[in-house]
Amino acid sequence: MKTSKRLEGIGEYYFSQKLREIDELNKMGKQVINLGIGNPDMPPHPDVLTVLREESLKPSVHGYQSYKGSPVLRKAISDWYQRWYHVALDPATEILPLIGSKEGIMHICMTYLDKGDEVLVPDPGYPTYTSAVKLAGGKAVSYSLKAKNNYAPDFDRLSKKSLKKVKLMFVNYPQMPTGQLPDMDLFRRIVAFGREHNILIVHDNPYSFILNENPMSLLQVDDARECVLELNSLSKSHNMAGWRVGMLCGAQKKIDEVMRFKSNMDSGMFLPVQLAAAKALSLGKEWHDELNKMYGERREKVFDLLKQLGCTFDRHQAGLFVWARVPGNVKDGYHLSDDVLYNAGVFITPGGIFGKAGEKYVRVSLCSPVETLQAAMDRVASQESVKASS
Ligand SMILES: Cc1ncc(COP(=O)(O)O)c(C=O)c1O
């Protein structure tokens with residue numbers, strides 16, 4: 001049976017392919033140290049697990065849930081936005097709980113795109129934006145983010161293009177993979193661009209709490225709701241990636257529009273998961289401080305590893321990764337990644353999978369303990385060919 005046309009040009013997600021290769025190497029006894037994926041390795045707060053356990057023992061919680069999510073979770077999301085981002089959201093109408101930010105990306109594309117519609121996607125950026133646009137029948141048009149512009153979109157350049165067919169623009173700050181933090185000026189310019197060109201801006205915001213003292217929301221910009229939808233997630237900020245809890249926030253009309261699609265795809269999440277997620281969102285600054293202390297220590301080790309590999313980087317990065325430029329004598333990030341994988345048994349992500357602008361870079365995850373990072377350094381130190389490229 002032939003697969004559908006919409007799957008043409010959609011490869012298997014890079015990591016699922018690479019993980020299979022790493023599995024093969026492990027079967028051969030390599031015991032690869034995987035510094036690729038941003039999958040938090042620590043558990044959620046114990047109070048979150050208590051709520052999940054206690055709620056799931058109740059007989060009445062196992063049925064279908066409302067498509068719009070439990071009012072308890074929507075209220076918790078609204079309180080969270082108010083407390084951390086100083087953004088007021090109506091829990092009844094301006095919030096839609098999601099099974100992670102990733103599903104929201106697809107739902108938004110399916111809700112707004114017809115064949116021929118164009119979507120601006122960041123290069124480098126999260127590959128799912130491009131795949132979701134293609135799967136929905138749209139055309140992804142990449143805009144490059146350059147280190148010399150602090151990884152901000154070049155709005156002057158974009159404004160000179162024909163934007164008539166552009167319906168959506170994906171933005172994501174703190175930016176993955178570059179770790180670039182936003183500031184209010186950048187956020188205002190993004191919203192002004194969306195408003196001027198009648199483009200719906202989709203801000204994907206899952207990293208605002210990681211190695212960042214000042215979490216920001218694009219909805220903080222005055223009247224942003226006219227042209228902004230924001231995705232957010234508990235995956236990274238609360239160590240709940242496997243739980244699949246995220247959210248979409250914005251004006252009621254747009255939330256209702258996305259709901260029209262989503263309600264045909266799935267039902268509300270398991271109630272105890274929603275109630276435990278609400279608990280997680282109520283955690284105080286101590287939780288985030290503790291997490292960030294750990295990631296800060298790991299980041300220092302990752303800086304050491306990258307120095308060992310001869311890479312250069314900006315120390316001021318947010319999120320779960322460090323983004324670094326490969327040394328001048330190495331062709332690109334794919335070469336460095338393969339060299340480190342095959343010779344030292346350490347996997348780091350080649351920046352090229354995030355787009356052409358990322359080809360000279362690698363991305364290293366902070367989701368391994370300091371001891372593992374040290375073990376990776378020891379392996380690199382003992383491998384001649386890796387050392388030779390540094
Ligand atoms: C930029 C970006 N957006 C979204 C996601 C997916 O987040 P979630 O777990 O909420 O689906 C990721 C995960 O790696 C990501 O890096």
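Below, all heavy atoms of this structure are taken into account, side chains as well, without hydrogens, waters or symmetry copies. Counting begins at 1 with the first residue of the sequence. For ligands, and for the atoms within them, numbers begin at 1 and follow the listed sequence. From a predicted model like this one, the values you see are computed outputs, not experimental measurements.
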NZ/NE/NH1/NH2 to OD/OE distance under 4.0 Å, [X] and [Y]:
X	Y	value
K160	D156	no
E55	K58	yes
K164	E118	no

Between the protein and ligand 1, are there any N or O atom pairs that come within less than 3.5 Å of each other, and if so, what are their names and distances?
unit_1   : atom_1 : unit_2 : atom_2 : d
ligand 1 : 3 (N)  : D204   : OD2    : 2.5
ligand 1 : 9 (O)  : S235   : OG     : 2.6
ligand 1 : 9 (O)  : R244   : NH1    : 2.9
ligand 1 : 10 (O) : S101   : N      : 2.7
ligand 1 : 10 (O) : S233   : OG     : 2.7
ligand 1 : 10 (O) : S235   : OG     : 3.4
ligand 1 : 11 (O) : S101   : N      : 3.1
ligand 1 : 11 (O) : K102   : N      : 2.9
ligand 1 : 11 (O) : R244   : NH2    : 2.7
ligand 1 : 14 (O) : K236   : NZ     : 2.9
ligand 1 : 16 (O) : Y207   : OH     : 2.7

Under 4.5 Å between any side-chain heavy atoms of E230 and S217, yes or no?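 Yes. Closest side-chain heavy atoms under 4.5 Å.
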Non-neighbouring partners of D332 that pass side-chain hydrogen bond (donor to acceptor under 3.5 Å, both in side chains), sequence neighbours left out: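 Here the qualifying residues are H335.
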Answer with yes or no after comparing the ring centroid distance for F209 and W287 against a 6.0 Å cut-off, counting only values under it.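 For F209 and W287, the ring centres are not under 6.0 Å apart.
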